[in-house]
Amino acid sequence: MTAGPWKMESQRSYFGKALIALGRRNPNVVVVGADTTESIKTIDFGKSFPDRFFQLGIAEPNMISVAAGLAAAGKIAFAATYSVFGSAHTYNVIRQNVAYTNLNVKIFCSHAGLTVGPDGATHQMNEDIALMRGIPRMTVLVPADGPETAKCVDAAAAMKGPIYCRFSRTNVPTITSPDDDFAIGRARVIRDGSDVTLIGCGLMVARCLEAADSLKRAGIKARVINLSTVKPLDTATIDRAARETGGIVTAEEHTVVHGIGAAIASAIAANHPVPVAMVGVQDVFGESGEADELLRKYGLTAEKIVDGAHDVMKRRGQGR
Amino acid sequence: MVDISEELIATLKKKAVTLRKHIIRMTHNAQSGHPGGSMSAADIVTALYFHVLRVDPKNPTWPDRDRFVLSKGHACPVWYAALAERGFFPVEELLTFRKLNSRLQGHPELGTTPGVENAAGAEGQGLSFSVGLALAARMDHKPWRVYCILGDGEQDVGQTWEAAMASSKYGLDNLTAFIDRNGIQQEGRTEDIMPLEPLAEKWEAFNWHVLTIDGHDFRQILAAIEEAHRTKGRPTAVISRTVKGKGVSFMENKIKYHGAATSDDELKLALAELEAQEAAI
Ligand SMILES: Cc1ncc(C[n+]2csc(CCOP(=O)(O)OP(=O)(O)O)c2C)c(N)n1
Ligand SMILES: [Mg+2]
């Protein structure tokens, strides 16, 4: 796969449509919302299936527990809102009522990361992957684009147990195709290479592809992996990349503290240690600005991924 | 009015004493746990498990069972005792409470203990969970009902009121909430820690049907449940005036026994008192 030109599309639109299609196929699917349903596009499910849709107001802890109760009675309950409210604001409710209970609650959150933009740091959730992957029994998904977001909806409904899935408010490049196979727990090698591996999630996967193109111009063959499941981590694919390419750069629209970089580093440290560079938010809060401006200011760019690749290759060469 | 026989009342009273004895023994054996709030809720739990709830101990996950949700999860000794006495698991297992490898965790775990319907421990989530259950029953046109017990200290938790609003929004008349109004929370009297009164008016303002009863009087408990069943279009809150530590004189109304087990000497005294009560029924 090469980089672009890509269509820019809304993950929320794919999410909303996938939910309706799922609702049509499966009468057991219910949706709860918290006064963000228009923005996150679950309102359309509500219009199609009014008696399977519950608007619970600005009361996210209640929303999550209600979803758990619905699931305990046999429903597949989708709870959707902005990621700051659907993770941090409700953390212990998710922990006790969703994960400890191992219920069929599927938390789908938009507005993850810096690209929320002008709303600023209060709304830019850069710590949700860290929070959610720390909870036992939780599955954590980060779809790269619209079509993959739709696949996450279907896969989440088919899987037993709790799921947290986060995606962006901003339109993102569509890099996958509806025909690509997708499975929870599997990292997908979307470009082969033997010199270094770039592993990204969410909108950073496209930037990994751009970085791979520019590395190629310098004669470096980069493997690119789309890590759409953060937990459970596909350690087989990651270990193979570590063994075969000898260096890894991770890229996430999330803090590097306990994000995918940390998850990958600890996995390969246990199996096949190689140098790692982490591109992501460096343990700081964001600020107001446009999505692209923020990605640039906070170093979430293809250039930084390229720098990371040179860095790991240099460190690898130095040996001990 | 509900027709309640003397015989039924006597049976329930005896059962409640049995549950209280279990609570004392379990928490003594564990040398931890929360006897006070377990004892205050014992009569409500007895009325539910031994007269009201349609549950099947042989098939704990029977889809059409009534649901009992203990929001104040620290009071699980009373729940475990009722489940064991009702036949969900052997009574002998009660003494494994809070021990390593036990099915009877320090706070309720869903899926581990037969008959347990929710996970609780962090206060304030159970009523919301009950709302989800009640919505599902309604959606599926099922007659089963949801009964939730909350603590009065638990009224401090914001989520309780989020759930109260959602319940009345959806007119959940298949949901009944018992508020165990024992007047004590962990560190003191509710009115000192965070004043709740006027509590009935609060629930009324949230559009609930509200009853205030003596939570140790089986006639009043059963009548309240009957009235909740008859009430259409609104959930019912039963503010149940209770005594924390009820049944053992030196534990009654004592803040200490919220989260303290009895000593060996106290155990003997407590059991003797409860046995005397049993004999007097
Ligand atoms: C969210 C939360 N904060 C703190 C605690 C610690 N805690 C356990 S029980 C309790 C007091 C409970 O009082 P109440 O609800 O009145 O229970 P009861 O008197 O019926 O035992 C507290 C503060 C908790 N379990 N959950
Ligand atoms: Mg109390």
- Note on the structure: Honestly, the part of B/Trp161 sitting under 4.5 Å from a heavy atom of chain A is neither

- May I ask you to name which of B/Leu127, B/Leu135, B/Val69, B/Val131 has the most heavy-atom pairs under 4.5 Å with chain A? B/Leu135

- Is it the backbone or the side chain of A/Ile64 that comes under 4.5 Å from a heavy atom of chain B, or both, or neither? neither

- Item | Positive for side-chain hydrogen bond (donor to acceptor under 3.5 Å, both in side chains) with B/Thr190, one of B/Gln155, B/Glu154, B/Arg181, B/Glu197 | B/Arg181

- Using non-hydrogen atoms and a 4.5 Å limit, figure out which bit of A/Val32 sits close to chain B: side chain, backbone, both or neither. neither

- Task: May I ask you to decide if A/Arg12's main-chain N or O and A/Ser10's side chain share a donor-acceptor pair within less than 3.5 Å?
- Result: yes

- Message: Nearest 0.5 Å, please: how far is CD in A/Gln55 from CD1 in A/Ile43?
- Response: 7.5 Å

- Can a donor-acceptor pair be found between the side chains of B/Asn207 and B/Ser168 at a distance below 3.5 Å? no

- Message: For chain A, which candidate among B/Gly121, B/Ser130, B/Ala137, B/Ala120 shows the most heavy-atom pairs at distances under 4.5 Å?
- Response: B/Ala120

- Query: Which atoms of B/Asp140 come close to chain A, meaning under 4.5 Å heavy atom to heavy atom: side chain ones, backbone ones, both, or neither?
  - Reply: side chain

- Residue from B/Trp208, B/Trp203, B/Tyr170 passing side chain to side chain contact (heavy atoms under 4.5 Å, CB included) with B/Pro235: B/Trp208

- Task: Using a cut-off of under 4.5 Å on heavy-atom pairs, state which of A/Asn97, A/Thr101, A/Leu56, A/Asp51 scores highest against chain B.
- Result: A/Asn97

- Most heavy-atom pairs under 4.5 Å with chain A, out of B/Ala136, B/Ala122, B/Gly111, belong to B/Ala122

- Looking at B/Asp64 and B/Lys142, does any basic side-chain N land under 4.0 Å from a carboxylate oxygen? yes

